[in-house]
**Student:** 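Could you have a look at this structure, given as structure tokens, before my questions?
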Amino acid sequence: CLSRCRRIIAQEAAAVTLFRKSSRFEASPEALFAFHMDAKNLARISPPWPPFVMVSPPKPTEAGDVQVFRVGPWPVARTWQARITRLEPGRVIEDTQESGPFLRWRHQHRVSADGDGSRLTDVVAFRLLPTVLGEYVEYLLVRPALWAICTWRHWRTRQLLANSDA
């Protein structure tokens, strides 16, 4: 029974919940991608809640980079470490959690042309807990939180790109 239980837990852990948020921008795809390549912009576009602090020094993003930040209010703030696992210049930046609050986390920033502007699509594949209860928590709490965070980030990105100091 123990090996069967471990196999079931491993299968559950391999399953992920998908989240997607897409927005159109007036900026060119090149400008939008360049904006996301600069890690210092992550703190600039993050919402005030939950609190977000970059721990690793921000620099232009490269494949293999590790970015470390703290998320959440004291005393429950968590250190989150993500590696840039995929970089397709002008198109895709992908980060994968190495340590943090999720069992699994892979986040893609996809940039594409959209008429005379561009489109940013955030795609997140995640697993918080390897159980049916975890799926309910993801649906009821995590997905709405991701929607709010990505909506805020897209709004702030639009503001900063429209401003000359972006």
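Every heavy atom of this structure was used, including side-chain atoms; hydrogens, water molecules and symmetry mates were not.
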**Student:** Who pairs with Arg143 by side-chain hydrogen bond (donor to acceptor under 3.5 Å, both in side chains), at least two apart in sequence or on another chain?
**Tutor:**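 Once residues adjacent in sequence are excluded, Arg143 has no partner under the side-chain hydrogen bond (donor to acceptor under 3.5 Å, both in side chains) criterion.
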**Student:** Taking distance alone, no hydrogens or angles, what donor-acceptor pairs closer than 3.5 Å link side-chain atoms of residues 66-74 to residues at least two apart or in another chain?
**Tutor:**
unit_1	atom_1	unit_2	atom_2	d
Arg70	NH1	Thr79	OG1	2.5
Arg70	NH2	Ala77	O	3.3

**Student:** Is there a side-chain contact between Arg104 and Gln97 (heavy atoms, below 4.5 Å)?
**Tutor:**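 Arg104 does not reach Gln97 side chain to side chain.
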**Student:** Which residue pairs satisfy the salt bridge (charged side-chain N to carboxylate O under 4.0 Å, His left out) criterion with at least one member in residues 51-62, sequence neighbours excluded?
**Tutor:**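 Output for this query lists Lys59-Asp65.
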**Student:** Rounded to the nearest 0.5 Å, what's the gap from CZ on Arg44 to CZ on Arg156? Could you check?
**Tutor:**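 It comes to 7.0 Å.
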**Student:** Answer yes or no: is there a donor N or O on one side and an acceptor on the other, between the side chain of Thr17 and the main chain of Arg127, under 3.5 Å?
**Tutor:**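 Checked: no pair found.
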**Student:** Tracing side-chain links under 4.5 Å among I, L, V, M, F, W and Y, which residues wind up in one group with Trp155?
**Tutor:**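 For the cluster that includes Trp155, the remaining residues are Trp152.
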**Student:** If you compare all heavy atoms of Ser118 against all heavy atoms of Ala27, which two are closest, and at what distance to 0.1 Å?
**Tutor:**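 Heavy atoms only, the tightest pair is OG-O, 2.8 Å.
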**Student:** What I'd like to find out is whether the side chain of Trp80 reaches to under 4.5 Å of the side chain of Ser99, using heavy atoms alone.
**Tutor:**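 Sidechains of Ser99 and Trp80: no contact.
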**Student:** Please check if atom CZ in Arg24 has more than 12 non-hydrogen atoms from other residues, nucleotides or ligands closer than 6.0 Å.
**Tutor:**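 Yes - once you tally the heavy atoms of other residues, nucleotides and ligands closer than 6.0 Å, there are more than 12.
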**Student:** Under the 3.5 angstrom rule, does the side chain of Arg78 hit a backbone N or O of Gly100 as a donor-acceptor pair?
**Tutor:**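 Side chain of Arg78 to backbone of Gly100: a pair is present.
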**Student:** Taking side chain to side chain contact (heavy atoms under 4.5 Å, CB included) as the definition, give me every residue that meets it alongside Ala63, ordered by chain and number, with sequence neighbours left out.
**Tutor:**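 Once residues adjacent in sequence are excluded, the partners of Ala63 under the side chain to side chain contact (heavy atoms under 4.5 Å, CB included) criterion are Leu87.
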**Student:** Taking ring pair (Phe, Tyr, Trp, His ring centres under 6.0 Å) as the definition, give me every residue that meets it alongside His107, ordered by chain and number, with sequence neighbours left out.
**Tutor:**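 With neighbours one apart ignored, the set is His109.
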**Student:** Give the other cluster members for Val123, using side-chain heavy-atom distances under 4.5 Å between Ile, Leu, Val, Met, Phe, Trp and Tyr residues; answer none if it is isolated.
**Tutor:**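 Taking Ile, Leu, Val, Met, Phe, Trp and Tyr as members, Val123 stands alone, with no cluster partners.
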**Student:** Does the plane of the ring in Trp105 sit parallel, tilted or perpendicular to the ring in Phe126? Use 30° and 60° as the thresholds.
**Tutor:**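 Tilted.
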**Student:** If we check side chain to side chain contact (heavy atoms under 4.5 Å, CB included) with Phe102, which of these qualifies: Val142, Val16, Val124, Leu129?
**Tutor:**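 Of the listed residues Val142, Val16, Val124, Leu129, the side chain to side chain contact (heavy atoms under 4.5 Å, CB included) partner of Phe102 is Val142.
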**Student:** To the nearest 0.5 Å, what is the distance between CG (Asp95) and OG1 (Thr61)?
**Tutor:**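 Between atom CG of Asp95 and atom OG1 of Thr61 there are 9.5 Å.
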**Student:** Are Leu161 and Val111 connected, step by step, through hydrophobic side chains (Ile, Leu, Val, Met, Phe, Trp, Tyr) whose heavy atoms are closer than 4.5 Å?
**Tutor:**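 Per the 4.5 Å side-chain linkage, Leu161 and Val111 are co-clustered.
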**Student:** On a heavy-atom basis, which atom in Met54 and which in Ala43 lie closest, and how many Å separate them?
**Tutor:**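 In terms of heavy atoms, the two residues are closest at CG-CB, 4.2 Å.
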**Student:** Among residues at least two apart in sequence or on other chains, which ones pass side-chain hydrogen bond (donor to acceptor under 3.5 Å, both in side chains) with His154?
**Tutor:**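 Here the qualifying residues are Ser23, Asp122.
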**Student:** By side-chain hydrogen bond (donor to acceptor under 3.5 Å, both in side chains), which residues pair with Arg119, not counting sequence neighbours?
**Tutor:**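 Arg119: side-chain hydrogen bond (donor to acceptor under 3.5 Å, both in side chains) contacts with Ser22, Asp114.
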**Student:** Using side-chain hydrogen bond (donor to acceptor under 3.5 Å, both in side chains) as the criterion, list what pairs up with Ser46, not counting sequence neighbours.
**Tutor:**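 Once residues adjacent in sequence are excluded, the partners of Ser46 under the side-chain hydrogen bond (donor to acceptor under 3.5 Å, both in side chains) criterion are Arg153.
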**Student:** Backbone N or O of Gly64 within a donor-acceptor pair of the Arg83 side chain at under 3.5 Å?
**Tutor:**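 Looks like yes, one N/O pair under 3.5 Å.
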**Student:** Work out which heavy atom in Gly117 is nearest to a heavy atom in Pro29; give both atom names and the distance.
**Tutor:**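 Scanning both residues, the minimum pair turns out to be O-CD, 3.7 Å.
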**Student:** Indicate if Leu42 and Val55 have the same hydrophobic cluster label, given that clusters are the connected sets of ILVMFWY residues with side-chain heavy-atom separations under 4.5 angstrom.
**Tutor:**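 Per the 4.5 Å side-chain linkage, Leu42 and Val55 are not co-clustered.
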**Student:** Test of understanding: with side chain to side chain contact (heavy atoms under 4.5 Å, CB included), list the residues that count as partners of Pro144, not counting sequence neighbours.
**Tutor:**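 Residues passing side chain to side chain contact (heavy atoms under 4.5 Å, CB included) with Pro144: none at all.
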**Student:** If you round to the nearest 0.5 Å, how far is NZ of Lys40 from CD1 of Ile45?
**Tutor:**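 It is 13.0 Å, given to the nearest 0.5 Å.
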**Student:** Does Glu138 use its side chain to pair, donor to acceptor, with the backbone of Leu128 at less than 3.5 Å?
**Tutor:**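 Such a contact is found between Glu138 side chain and Leu128 backbone.
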**Student:** If you round to the nearest 0.5 Å, how far is CZ of Phe25 from CZ of Phe35?
**Tutor:**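 Output value for this atom pair is 8.5 Å.
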**Student:** Can you tell if the side chain of Asn41 reaches within under 4.5 Å of the side chain of Asp38, non-hydrogen atoms only?
**Tutor:**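 In contact.
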**Student:** Using the side chain to side chain contact (heavy atoms under 4.5 Å, CB included) rule, pick out the option among Lys21, Gln108, Arg20 that qualifies with Thr121.
**Tutor:**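 Result for side chain to side chain contact (heavy atoms under 4.5 Å, CB included) with Thr121: Arg20.
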**Student:** Suppose we screen for salt bridge (Lys or Arg N to Asp or Glu O under 4.0 Å). Which residues come up paired with Arg158, at least two apart in sequence or across chains?
**Tutor:**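 Once residues adjacent in sequence are excluded, Arg158 has no partner under the salt bridge (Lys or Arg N to Asp or Glu O under 4.0 Å) criterion.
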**Student:** About how many Å separate CD1 of Ile149 and CZ of Phe52, when rounded to the nearest 0.5 Å?
**Tutor:**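 The CD1 atom of Ile149 is 10.0 Å from CZ of Phe52, to the nearest 0.5 Å.
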**Student:** So, for Phe33 and Val92, which heavy atoms are closest and what is the spacing to 0.1 Å?
**Tutor:**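 Looking at all heavy atoms of both residues, the closest pair is CE1-N, 3.6 Å.
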**Student:** Distance check, rounded to the nearest 0.5 Å: His36 atom NE2 versus Leu120 atom CG?
**Tutor:**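 Output value for this atom pair is 4.5 Å.
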